[in-house]
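Down below is the structure, laid out as structure tokens.
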Amino acid sequence: MATAAQWIEGARPRTLPNAIAPVLAGTGAAASIDGFVWWKAVLCLLLSLALIIGVNFANDYSDGIRGTDDERVGPLRLVGSKVASPTAVRMAAVTSLGIGAVIGLVLVFTSAWWLILVGAACLAGAWFYTGGRNPYGYSGFGEIAVFVFFGLVAVLGTEFVQAGRVDWAGLVCAIAVGSFSSAVLVTNNLRDIPTDTESGKLTLAVRLGDTRTRTLHLALILVPYVVIALLVWRSPWTLAALVTLPLAIKANEPVRTGKNGPGLIPALAGTGKAMLAWSVIVAVALAAVQI
């Protein structure tokens, strides 16, 4: 029987910045066009957190029953380590995704009906990442999905439900956050290349190989600092986000210097911290436009 601490670790708290950052960025974009609605921002945050926790438990369940997590060097996996039954982890995933669906319906009824289609796509993407007969995460499409769902959809969706529209600044923020989020997954999959190769999980990292995957991580974490050149046209204060560049460089250090296995775990947390710090500063800078 898994302890409370093990369930918390199984929810993968290091990934929570991937859920928080897009809501911050999207809210900042909405505020910059005078569209901030605080209670919708809160609902978007709760929705995003519910979805990412649901995704994490769903991945734990699906990878666990396939045996992909039997030999791991990273954080605890509930099913793979046999501290929780597959049924219990699957129920945790369904519960989390169900909570997200309910919150999403509230936003649908207060925004636009067609968002229900977006929500359905998000739920399908969450489950079939590693679930089903042909999980797309096993074919190298995980980073693309993360970029779309935790970048484009999450940021622009947050902006839309508050402001009633999206704009170019929101799109730039979505590209930046999506790049950060993809970099987190790249780090995770880089660490798991040996075990994923053995289990037949053809992630993008497995397909690219070690050297090119490390280059990809660096490219992705630099994208947000390049696009600041565009965001200054909305708010010159977004330049302040450049102070988070040392965090990104530090996050890339284990990747850049050839660390493997557990040595890459700091890069996971570091990339998330850089993403969160970047999003906080950009959100405040964009919101300041209307002050």
CH2/Trp233: more than 12 non-hydrogen atoms of other groups inside 6.0 Å: no

Is Thr187 reaching over with its side chain to a backbone N or O of Leu268, donor-acceptor style, under 3.5 angstrom? no

Under the salt bridge (Lys or Arg N to Asp or Glu O under 4.0 Å) rule, what pairs show up with a residue in residues 265-285, not counting sequence neighbours? none

Quick one, Arg12 and Ile52 - any side-chain contact, counting heavy atoms below 4.5 Å? no

Would you say Asp60's side chain and Arg77's backbone share a donor-acceptor pair under 3.5 angstrom? no

Run through the side-chain heavy atoms of Ile, Leu, Val, Met, Phe, Trp and Tyr, join any pair under 4.5 Å, and report what else lands in Leu220's cluster. Val186, Leu204, Leu208, Leu216

Side-chain heavy-atom pair Ser179, Ile221 within 4.5 angstrom cut-off: no

Interatomic distance, CG@Leu97 vs CD1@Ile53, rounded to 0.5 Å, equals 10.5 Å

With salt bridge (Lys or Arg N to Asp or Glu O under 4.0 Å) as the rule and sequence neighbours excluded, what pairs involving residues 250-264 come up? none

Identify the heavy atoms of Ser181 and Met275 that sit nearest to each other, and give their distance. OG-SD, 3.5 Å

For the side chain of Thr3 and the backbone of Gln6, is there at least one donor-acceptor N/O pair under 3.5 Å apart? yes

Nearest atoms (heavy-atom pairs only) where Ala241 meets Ile228: CB-CD1, 3.7 Å

Apply side chain to side chain contact (heavy atoms under 4.5 Å, CB included) to residues Leu171 and Val166 and explain how you reach the verdict. CA-CA 8 Å; Leu171 178 59; Val166 298; over 6 Å; no

Establish, from distance only, whether the side-chain atoms of Ser32 and Gln290 form a donor-acceptor pair under 3.5 Å. no

Yes or no on side chain to side chain contact (heavy atoms under 4.5 Å, CB included) for Asn189 and Val206, after CA distance, side-chain angles and deciding distance? CA-CA 8 Å; Asn189 289 341; Val206 171; over 6 Å; no

Go through the steps to decide whether Phe147 and Leu152 satisfy the test side chain to side chain contact (heavy atoms under 4.5 Å, CB included), and finish with yes or no. CA-CA 7 Å; Phe147 182 85; Leu152 301 181; 3.9 Å; yes

Looking at Arg214 and Val255, would you say the former's side chain and the latter's main chain have a donor-acceptor pair under 3.5 Å? yes

Ala154 and Pro22: which non-hydrogen atoms are nearest, and at how many Å? CB-CB, 3.5 Å

Give the minimum heavy-atom separation between Gly263 and Pro254, together with the two atoms involved. O-CB, 3.5 Å

Minimum heavy-atom separation for Leu24 and Ala283, please, with both atom names. O-CB, 3.2 Å

Do Thr15 and Asn56 have side chains that approach each other closer than 4.5 Å (heavy atoms only, starting at C-beta)? yes

Could you list the donor-acceptor pairs under 3.5 angstrom formed between side-chain atoms of residues 33-46 and any protein atom two or more places apart in sequence or on another chain?
unit_1 : atom_1 : unit_2 : atom_2 : d
Lys40  : NZ     : Thr110 : O      : 3.0
Lys40  : NZ     : Val161 : O      : 3.0

Closer than 3.5 angstrom, by distance alone: can the side chain of Ser48 be matched with the main-chain N or O of Ala19 as a donor-acceptor pair? yes

What orientation do Trp278 and Phe180 show, parallel under 30°, tilted 30 to 60°, or perpendicular over 60°? perpendicular

Same cluster for Leu218 and Val223 if Ile/Leu/Val/Met/Phe/Trp/Tyr side chains link at under 4.5 Å? yes

Straight-line distance of Leu276 CG to Thr271 OG1, nearest 0.5 Å: 12.5 Å

Linking I/L/V/M/F/W/Y whenever any side-chain heavy atoms sit under 4.5 Å apart, do Val289 and Trp237 land together? no

Return yes if some donor-acceptor pair links the side-chain N/O of Ser235 with the main-chain N/O of Val232 below 3.5 Å, else return no. no

Quick check on the hydrophobic clustering: are Leu245 and Val177 connected, directly or via other members, by side-chain heavy-atom contacts under 4.5 Å? yes

Rounded to the nearest 0.5 Å, what's the gap from CG on Asn252 to CG on Leu247? Could you check? 12.5 Å

Let me confirm one number: the CG-CG distance from Leu49 to Leu16, rounded to the nearest 0.5 Å. 6.0 Å

Is there side-chain contact between Tyr138 and Asp196, with at least one heavy-atom pair below 4.5 Å? no

Tell me whether Phe150 is reachable from Val282 by hopping between hydrophobic residues (I, L, V, M, F, W, Y) whose side-chain heavy atoms are closer than 4.5 Å. yes

So for atom CD1, which belongs to Ile116, do other residues, nucleotides or ligands contribute more than 12 heavy atoms lying within a distance under 6.0 Å? no

So which atom in Gly54 and which in Ala93 form the shortest heavy-atom distance, rounded to 0.1 Å? O-CB, 3.7 Å

Say you draw a straight line from CD1 of Ile144 to CG of Leu185; how long is it, rounded to the nearest 0.5 Å? 11.0 Å

Would you say that Thr203 contacts Glu143 through its side chain, given a criterion of any heavy-atom pair below 4.5 Å between the two side chains? no

Distance in Å, Asn188 CG paired with Leu264 CG, rounded so as to fall on 0.5 Å steps: 9.5 Å

Enumerate the residue pairs fulfilling side-chain hydrogen bond (donor to acceptor under 3.5 Å, both in side chains) with a member in residues 118-136, sequence neighbours excluded, ordered by first and then second residue. Asn59-Thr130

Working note: Asp210 + Asn260, criterion side chain to side chain contact (heavy atoms under 4.5 Å, CB included); need CA distance, chi angles, decisive distance, verdict. CA-CA 10 Å; Asp210 186 276; Asn260 290 295; 3.8 Å; yes

pair Val94-Tyr61: side-chain heavy atoms closer than 4.5 Å: no

Should we count OH of Tyr225 as having more than 12 external heavy atoms under 6.0 Å? yes

Could Lys201 and Asp192 be called an ion pair, given the rule that one side-chain N must be under 4.0 Å from one carboxylate O? no

Determine, using the 4.5 Å side-chain heavy-atom cutoff (strictly less than), whether Ile8 and Ile99 are members of one ILVMFWY cluster. no

Please check if the number of heavy atoms outside Trp7 that lie under 6.0 Å from its CH2 is greater than 12. yes

Return each pair, listed once, that meets salt bridge (Lys or Arg N to Asp or Glu O under 4.0 Å) where at least one residue sits in residues 159-186; pairs must be two or more places apart or across chains. Asp167-Arg234

